[in-house]
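Sequential numbering from 1 along the given sequence is applied to the chain's residues.
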Amino acid sequence: GLNNSLIWSIIKDKQGFLWMGTENGLLKFNPKRKEGEQAIQTITDEEGLSNNNIVALFEDSEGFIWASTWGAGVCRINKSNGEIEKFNTSNGLPSNDVSTLIDDKEGNIWIGTDKGGLAKYDIHTKSFELFTSSNGLGNDRIYTSFRDKNNNLWFGTLGGGITKYN
């Protein structure tokens with residue numbers, strides 16, 4: 001069983017692994033393991049995460065796992081070599097409390113934060129563009145996101161309703 005008292009998020013990656021964001025780090029579960037292989041790999045700040053409180057998970061089109069934290073920004077995990085890249089307020093994020101992650105049709109990553117609005121990470125320029133209530137966002141407290149079949153992005157806010165980007 002899992003020894004974590006709180007699991008915030010679960011995703012299944014393209015290879016069939018289950019990734020679980022918990023208050024005690026990131027868990028990678030191999031449902032197709034062979035006898036003798038480790039079932040669950042634990043990834044924590046000891047392995048390079050910026051924080052062990054993993055709130056949201058997302059796999060991008062290139063196969064990177066994005067893990068958001070409450071208090072320490074976002075980590076991008078390279079599954080092939082285990083390298084972890086960190087994004088936080090010191091390198092472009094508007095807030096280190098990150099509640100949701102989603103991509104757009106171009107593969108850019110949209111990062112929803114608490115009190116900082118949205119940050120769009122451009123995968124080509126490797127830079128952030130910020131969106132807040134001052135330029136059309138319903139509220140700067142973003143808690144959920146969704147991409148519909150027409151590639152519209154929807155963001156749910158605390159007290160500011162829903163904002164749609166297309």
Side-chain angles (χ1 to χ4, degrees), residues 7-22 25-34 37-114 116-131 137 142-156 163-166:
I7 296 176
W8 288 106
S9 55
I10 302 173
I11 62 167
K12 184 177 186 179
D13 73 13
K14 293 172 181 76
Q15 288 76 37
F17 292 98
L18 291 178
W19 295 77
M20 291 163 258
T22 78
L26 185 58
L27 303 177
K28 179 183 173 187
F29 174 69
N30 182 0
K32 303 178 211 164
R33 72 190 180 285
K34 296 175 178 65
E37 286 183 340
Q38 184 179 351
I40 297 176
Q41 175 188 358
T42 303
I43 303 165
T44 66
D45 54 4
E46 292 179 15
E47 286 76 33
L49 291 180
S50 54
N51 172 315
N52 287 336
N53 197 14
I54 306 298
V55 178
L57 294 168
F58 182 76
E59 182 180 21
D60 70 17
S61 59
E62 296 177 12
F64 289 100
I65 298 292
W66 292 74
S68 81
T69 72
W70 203 256
V74 178
C75 297
R76 184 174 75 168
I77 301 152
N78 183 328
K79 292 187 296 186
S80 61
N81 63 15
E83 285 183 11
I84 298 174
E85 187 175 2
K86 299 171 188 169
F87 302 96
N88 52 50
T89 53
S90 68
N91 60 4
L93 276 185
S95 167
N96 284 328
D97 296 331
V98 178
S99 49
T100 187
L101 302 159
I102 197 164
D103 66 349
D104 62 23
K105 64 181 184 264
E106 285 85 35
N108 300 306
I109 307 299
W110 292 70
I111 300 167
T113 73
D114 183 49
L118 279 171
K120 174 184 160 187
Y121 180 73
D122 187 305
I123 58 168
H124 302 293
T125 65
K126 304 206 178 312
S127 63
F128 288 102
E129 182 180 357
L130 305 180
F131 298 86
L137 199 56
I142 311 296
Y143 283 98
T144 190
S145 58
F146 176 73
R147 186 171 95 180
D148 69 22
K149 66 182 187 329
N150 298 317
N151 289 309
N152 296 303
L153 297 181
W154 299 82
F155 298 97
T163 299
K164 173 181 155 188
Y165 281 99
N166 55 12

For this session: Salt-bridge test for Lys12 and Glu59: reply yes if a basic N is under 4.0 Å from a carboxylate O, no otherwise.
Result: no
Problem set entry | Atom pair OG (Ser145) and CG (Leu101), whose distance is rounded to the nearest 0.5 Å | 7.0 Å
Exercise. Quick check: are there more than 12 heavy atoms from other residues, nucleotides or ligands sitting under 6.0 Å from CH2 of Trp8?
Worked result: no
Exercise. For the atom pair NZ (Lys126) and CG (Asn91), what is the distance rounded to the nearest 0.5 Å?
Worked result: 13.0 Å
Seminar exercise, completed: Minimal heavy-atom distance between Leu130 and Ala119, with the atoms involved, is CD2-CB, 3.7 Å
For this session: Indicate, with yes or no, if the rings of Phe87 and Trp66 have centres closer together than 6.0 Å.
Result: yes
Problem set entry | Close side-chain approach of Ile123 to Glu62, heavy-atom, < 4.5 Å | yes
Exercise. Salt bridge between Asp103 and Arg147, side-chain N to carboxylate O under 4.0 Å?
Worked result: yes
For this session: Would you check if Asn151 and Asp104 make a side-chain contact, meaning some heavy-atom pair closer than 4.5 Å?
Result: no
Exercise. Under the criterion side chain to side chain contact (heavy atoms under 4.5 Å, CB included), which of Leu27, Ile54, Ile11 is the partner of Trp19?
Worked result: Ile11
Exercise. Would a distance-only check, ignoring hydrogens and angles, find a side-chain to backbone donor-acceptor pair under 3.5 Å from Ser95 to Gly116?
Worked result: no
Exercise. Under 3.5 Å, is there a donor-acceptor pair between the Asp122 and Ser127 side chains?
Worked result: no
For this session: Side-chain contact test, heavy atoms from C-beta onward, threshold under 4.5 Å: evaluate it for Leu118 versus Phe155 and give yes or no.
Result: yes
Exercise. Should Trp154 and Asp148 be marked as a side-chain contact (heavy atoms from CB on, under 4.5 Å) after you check the CA-CA gap, both sets of side-chain angles, and the distance that decides it?
Worked result: CA-CA 8 Å; Trp154 299 82; Asp148 69 22; 2.9 Å; yes
Problem set entry | Trace of the side-chain contact (heavy atoms from CB on, under 4.5 Å) decision for Asp114 with Ile142 | CA-CA 6 Å; Asp114 183 49; Ile142 311 296; over 6 Å; no
Exercise. Atom CE in Met20, atom CD1 in Ile10: separation rounded to 0.5 Å?
Worked result: 6.0 Å
Problem set entry | Close side-chain approach of Ile43 and Leu49, heavy atoms under 4.5 Å | yes
Seminar exercise, completed: Tightest non-hydrogen contact, residues Cys75 and Lys86, listed as SG-CG, 4.3 Å
Seminar exercise, completed: Residues at least two apart in sequence or cross-chain that pass ring pair (Phe, Tyr, Trp, His ring centres under 6.0 Å) with Phe131, listed by chain then number, are Trp110, Tyr165
For this session: Measure the spacing between CD of Gln41 and CG of Leu26 and express it to the nearest 0.5 Å.
Result: 8.5 Å
For this session: List the steps, then state whether side-chain contact (heavy atoms from CB on, under 4.5 Å) holds for Phe58 with Ile109.
Result: CA-CA 9 Å; Phe58 182 76; Ile109 307 299; 4.0 Å; yes
Exercise. Tell me, do Thr113 and Asp97 make a side-chain contact under 4.5 Å, heavy atoms counted?
Worked result: no
For this session: Step through the shown structure and confirm whether more than 12 heavy atoms of other residues, nucleotides or ligands are within 6.0 Å of CD on Gln15.
Result: yes
For this session: Quick one: pull up CZ in Phe146 and CG in Leu153 and give me the separation to the nearest 0.5 Å.
Result: 10.0 Å
Exercise. Side chains of Arg76 and Ile65: closer than 4.5 Å at any heavy-atom pair?
Worked result: no
Exercise. Which heavy atom in Glu47 sits nearest to a heavy atom in Thr44, and how many Å separate them?
Worked result: OE1-N, 2.7 Å
Exercise. What pairs with Phe29 under ring pair (Phe, Tyr, Trp, His ring centres under 6.0 Å), at least two apart in sequence or on another chain?
Worked result: none
Exercise. Does the side chain of Thr69 come within less than 4.5 Å of Val74's, by heavy atoms?
Worked result: no
